[in-house]
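Taking it in order: structure first as structure tokens, then the write-up.
Just so we're clear, the structure is a prediction, and the values are computed from it rather than from any experiment. Here is how names work: the chains are called A, B, and so on, in the same order as the sequence lines, proteins then strands, and each is numbered from 1.
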Number of protein chains: 2
Amino acid sequence: MRKISSTNYHNQTFLEEKCALNELIHLLSKRWLTEVLFSIEEGNSRFSTLKEDLKYISDNILADRLKLLEQYKLIVRNSHLGEIPVRVEYSLTETGLRLSELLDGLCQFSEKEMEFPG
Amino acid sequence: MRKISSTNYHNQTFLEEKCALNELIHLLSKRWLTEVLFSIEEGNSRFSTLKEDLKYISDNILADRLKLLEQYKLIVRNSHLGEIPVRVEYSLTETGLRLSELLDGLCQFSEKEMEFPG
DNA sequence: CTGTATCCGATAAGATACTG
DNA sequence: CAGTATCTTATCGGATACAG
């Protein structure tokens, strides 16, 4: 729940309305989020395999990031109810795939053309 | 100064080492940073005109973002010492220009293909 | 197995006052 | 004009414990 504490809130809202890029970056900046996206793209479709792949991620963060990605329609959640224990699978949407391609481009750039201080 | 509080610090370091993209996104996620970059690209080269263009930004945040952009070699700072009062101008580097083009792509994407919840 | 709820420390943003 | 210093508050990440 975001508090409406005057400037902080209004500035962020202003930026997000000015250009959707700000909202997208705000999403991407959440730790692990891009890694989860990439990991799903690489074929990891289950909670447990994702957790294994991203070795240091915690349960609650992974759950939160999956929920976010689903809300933004970047992945879809598919639960196989008949089975016990319940099996849940995640996969990229078209938009999610497109985003991961764009991020790949940014990734190339950051590794080849950027210089990071300290 | 970043504290070495075990997991928090180590996770961020792990991610930044895994792929430079994470470090780049961490930079871009700082509020106003991309707007400052775009505003310079559009021809605003001085502290005062930038401040006017980005109407709600505060002095200290603008100063901080300019310093960051300079550290990452995305802009250059050019101060004309002979003049009183001192005139300082900022402009994009090659890398900064390239980044702003990539971000434009992301911006198109976010406005045309993304759906943002609530 | 796939999550949810609550708490706490760390970081980031902004307000305000001040400087060469 | 172009910043810097200090303080307060908001948000985020992670630990722990628990649930369907």
Nucleotide nearest [X] (side chain, heavy atoms from C-beta), chosen from [options]:
{"X": "A:Arg77", "options": "C:dG3, D:dT11, C:dT2", "result": "C:dG3"}
{"X": "B:Lys67", "options": "D:dT4, D:dG13, C:dA15", "result": "D:dT4"}
{"X": "A:Phe47", "options": "C:dG14, C:dG3, D:dA2", "result": "C:dG3"}

Starting from [atom2] on [N], measure out to [atom1] on [X] and report it in whole angstrom.
{"X": "B:Glu52", "N": "D:dC1", "atom1": "CD", "atom2": "P", "answer": "10 Å"}
{"X": "B:Ile61", "N": "C:dT16", "atom1": "CD1", "atom2": "C1'", "answer": "13 Å"}
{"X": "B:Asp59", "N": "C:dA15", "atom1": "CG", "atom2": "P", "answer": "11 Å"}
{"X": "B:Asn44", "N": "D:dA2", "atom1": "CG", "atom2": "P", "answer": "12 Å"}
{"X": "B:Asn60", "N": "C:dA12", "atom1": "CG", "atom2": "C1'", "answer": "12 Å"}
{"X": "A:Leu15", "N": "C:dA12", "atom1": "CG", "atom2": "C1'", "answer": "14 Å"}
{"X": "B:Tyr9", "N": "C:dA12", "atom1": "OH", "atom2": "P", "answer": "13 Å"}
{"X": "B:Leu50", "N": "D:dG3", "atom1": "CG", "atom2": "P", "answer": "10 Å"}

Indicate whether OP1 or OP2 belonging to [N] is found under 4.0 Å from a side-chain N or O atom of [X].
{"X": "A:Thr7", "N": "C:dA13", "value": "no"}
{"X": "B:Arg31", "N": "C:dG14", "value": "yes"}
{"X": "A:His26", "N": "D:dC12", "value": "yes"}

Determine whether A:Lys30 and A:Leu68 make a side-chain contact, defined as any pair of heavy atoms from C-beta on separated by less than 4.5 Å.
yes

So B:Asn78 and B:Tyr90, do their side chains get closer than 4.5 Å, heavy atoms only?
no

Taking 4.0 angstrom as the limit, do A:Arg87 and A:Glu89 come out as a salt bridge?
yes

With hydrophobic residues grouped by side-chain heavy-atom distances under 4.5 Å, do A:Leu74 and B:Phe116 end up in a single group?
yes

